[in-house]
Amino acid sequence: MKLRITVLPGDGVGPEVTAEAVRVLQTVAEFAGHDFQFQEKRFGGAAYRASGSPLPPDTLDACLQSNAVLLGAVGGPDFDELPRHLRPESGLLQLRMALGGYANLRPAVSYKSIADCSPLQPAATEGADILVVRELLGGLYFSEDRGFSEEGTSAFNTMRYSVEEIERIAHVGFREARRRRRKLTSVDKANVLEVSQLWRKVVSRVAREYPEVKLEHMYVDSCAMHLVNDPRRFDVILTENLFGDILSDESAVITGSLGMLASGTIGGTVNLFEPVHGSAPDIAGRGIANPLGAIASAAMLLRYSAGLEQESRDVEFAIHSVLEAGYRTADLARGRSRIDLVSTVQMGMQVEKVVSDILDSRHAYHAV
Ligand code: NAD
C-alpha cells in the first residue's frame, strides 16, 4: 500500500506528539511492508511566523494532493493578539473547510488501567467505548441566516438540515455501528425542534438499510445525563453539529486525560486526523506531553484513509498494552501506585516496540 501523508506539526506540543505518531506509522510501514511517504509542512502559528499566513498556499496544496493529513495542534499566547483572520485557529477552520469532511469521528475509550484518572467512578466507566459521530458542516454553526437586529437588542442563528445532509451522516454512523457493537443512538431534541423531527425521520429510514444495527433515539438532555451516569450503554452516538460538539467533549471525561483523545474528519476530499487537545503552551517544550491521542489519531488514519483495519487495531492494542504495563506520561500519573513515569518520546517508543513486535510475529507466522 502506497500512501502520501501530509504532516502538519503546528505549534506548542503539536510537533512533540506528532513526531511520535509519525514514528508509529513509520514502524507500521516498515514491518507490514507499506510505502508511506511523509511530507511535513508549516501550519498555524509556525507558518504565520515564517510566511505571514497560518495556512500558506503550499501547505494547502500539499494537503489537497495527499491521501491523508495528520495534524498536531495550533495556537498559543504569542498569536492571541493577531487579527482574527491571521490567527492559527482560523487557519485550522480554513483547512477543515478546504478538505470538506462532513463527519467528525471522536472515540472515547475508558482503559481499565487508567480508569482512576477519570473524575467519574471507575465502576461506572470501566469498559466504556463510545464513538461520537458528529455532523460537521451543517446546523447552527454554518447557517447563513444569522445576525443581530439593527438595534443590537436581539440576535439569531438558524438550525437547518436538508434530508441529504442527514442521510449522508446517518450512513457514516450506521456503517461505524456495523463495524463495532451494532448499536446506534441517534441524539436529537425532537420534542421541541422541527429539525430534530426531520432528523429522526430520516435516520429511521436509513436504519432500514442496516437491519443488523439496533437503533435507539434519545433526547440530547437525556443523553448528556446518561453519558456520565452509565457511559457503557452507548456504542455509536450519531448527532448534529452543536449537540455533537457538546456531547463529544463530555464523553471525553471518561478517558481520564485530554491527551488521550483522538479524532478523524472524513467524507471530504482528504481525511484529516488530529488529537483533540490544543497546543498546551503550559507544557510545550518540556517533553512531557501525552502522545497517545496523536498516536490513536494515526491509528484512525490507518483505518479510514488506508483501509488497514488490522494494523489500526494493532496500534490501538499497543496503546492499551503500554498503559497496562504501567507506562504513564505526567497527565496520567495519578491514582495507581506502581507506574513508570515516561516522557513523550519514551511513550512513543514503547508503543513503537509493541507494534513492531506484533507485526514481526505476524509476519513470522505467515512465513512458516
Ligand atoms: P489545550 O488542549 O492546549 O490544553 C488544556 C490543558 O490540557 C492544559 O493544561 C494542557 O497542558 C493539557 N494538555 C493538552 N494536551 C495535552 C497532552 N497531549 N498531554 C498532556 N496534557 C495535555 O487547551 P487550551 O489551553 O485551552 O488552548 C491552548 C491553545 O491551543 C490555544 O491557543 C487554543 O486556541 C489552541 N487550541 C487548538 C486546538 C487545535 O489545534 N485543534 C484545539 C484546542 C485549542
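Values in this document were obtained by computation on a predicted structure and should not be read as measured data.
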Over 12 non-hydrogen atoms of neighbours within 6.0 angstrom of CD in E212
yes

Please examine the side chains of S118 and V253, heavy atoms only from C-beta on, and report whether any two atoms are closer than 4.5 Å.
yes

Flag side-chain contact, heavy atom, 4.5 Å: F273 against Y304:
yes

Between R42 and D58 (salt bridge meaning N to carboxylate O under 4.0 Å), is one present in this structure?
no

So F36 and F38, would you call those rings parallel, tilted or perpendicular, with 30° and 60° as cut-offs?
perpendicular

Are D129 and R232 ion-paired here, with the side-chain N under 4.0 Å from a carboxylate O?
no

Going by heavy atoms in the side chains, are L301 and N271 under 4.5 Å from each other?
no

Donor-acceptor check, side chain of T6 to backbone of A62, threshold 3.5 angstrom: yes or no?
yes

Short side-chain to backbone donor-acceptor contact, T239 and F243, under 3.5 Å
no

Indicate yes or no for a side-chain donor-acceptor contact from S279 to the backbone of G12 under 3.5 Å, with no hydrogens or angles considered.
no

Does S361 reach the main-chain N or O of D357 with its side chain, forming a donor-acceptor pair under 3.5 Å?
yes

Are the charged groups of E16 and R286 less than 4.0 angstrom apart, N to O?
no

Checking side chain to side chain contact (heavy atoms under 4.5 Å, CB included) for the pair K201/V163: CA distance, chi angles, key distance, verdict?
CA-CA 9 Å; K201 200 166 126 190; V163 168; over 6 Å; no

Salt-bridge test for E216 and R233: reply yes if a basic N is under 4.0 Å from a carboxylate O, no otherwise.
yes

Just by distance, do the side chain of S196 and the backbone of D188 share a donor-acceptor pair under 3.5 Å?
no

Would you say the side-chain atoms of N67 pair up with the backbone N or O of R4, donor to acceptor, closer than 3.5 Å?
yes

Assess whether atom CD of Q121 is packed by more than 12 heavy atoms of other residues, nucleotides or ligands within 6.0 Å.
no

Please answer whether the main-chain N or O of A289 pairs with a side-chain N or O of T344 as donor and acceptor at a distance below 3.5 Å.
yes

Answer whether the closest heavy-atom distance between the side chains of P83 and R87 falls below 4.5 Å.
no

For the pair Q346 and Y327, evaluate side chain to side chain donor-acceptor pair (under 3.5 Å) and give the outcome as yes or no after the intermediate values.
CA-CA 9 Å; Q346 287 166 330; Y327 296 105; over 6 Å; no

Is the shortest side-chain N to carboxylate O distance from E309 to R313 below 4.0 Å?
yes

Output, in order, the C-alpha distance, side-chain angles, deciding distance and verdict of side chain to side chain contact (heavy atoms under 4.5 Å, CB included) for L247 and F234.
CA-CA 12 Å; L247 294 177; F234 295 107; over 6 Å; no

Over-ring placement of R168 relative to Y102, 6.0 Å and 45° cut-offs:
yes

Side-chain ion pair, R303 and E316, N-O less than 4.0 Å
yes

Answer yes or no: is there an ion pair linking R181 with D235, defined by an N-O contact shorter than 4.0 Å?
yes

Do we see a donor-acceptor contact under 3.5 Å between the side chains of S257 and D331?
yes

Between T125 (side chain only) and L120 (backbone N and O only), is there a donor and an acceptor less than 3.5 Å apart?
no

Taking atom types as modelled, find out whether D314 and Q310 have a side-chain donor-acceptor pair closer than 3.5 angstrom.
yes

Tell me whether S312 contacts the main-chain N or O of A299 through its side chain, where contact means a donor paired with an acceptor under 3.5 Å.
yes

Decide side chain to side chain contact (heavy atoms under 4.5 Å, CB included) for C63 and L8; before the verdict, give the C-alpha distance in whole Å, the side-chain angles of both, and the deciding distance to 0.1 Å.
CA-CA 9 Å; C63 292; L8 308 177; 3.9 Å; yes

Which is it for S204 and L215 under the side chain to side chain contact (heavy atoms under 4.5 Å, CB included) test, yes or no, and what are the steps along the way?
CA-CA 8 Å; S204 298; L215 167 67; 4.3 Å; yes

With distance as the sole test, does E40 use its side chain to make a donor-acceptor pair with the main-chain N or O of V7 at under 3.5 Å?
no

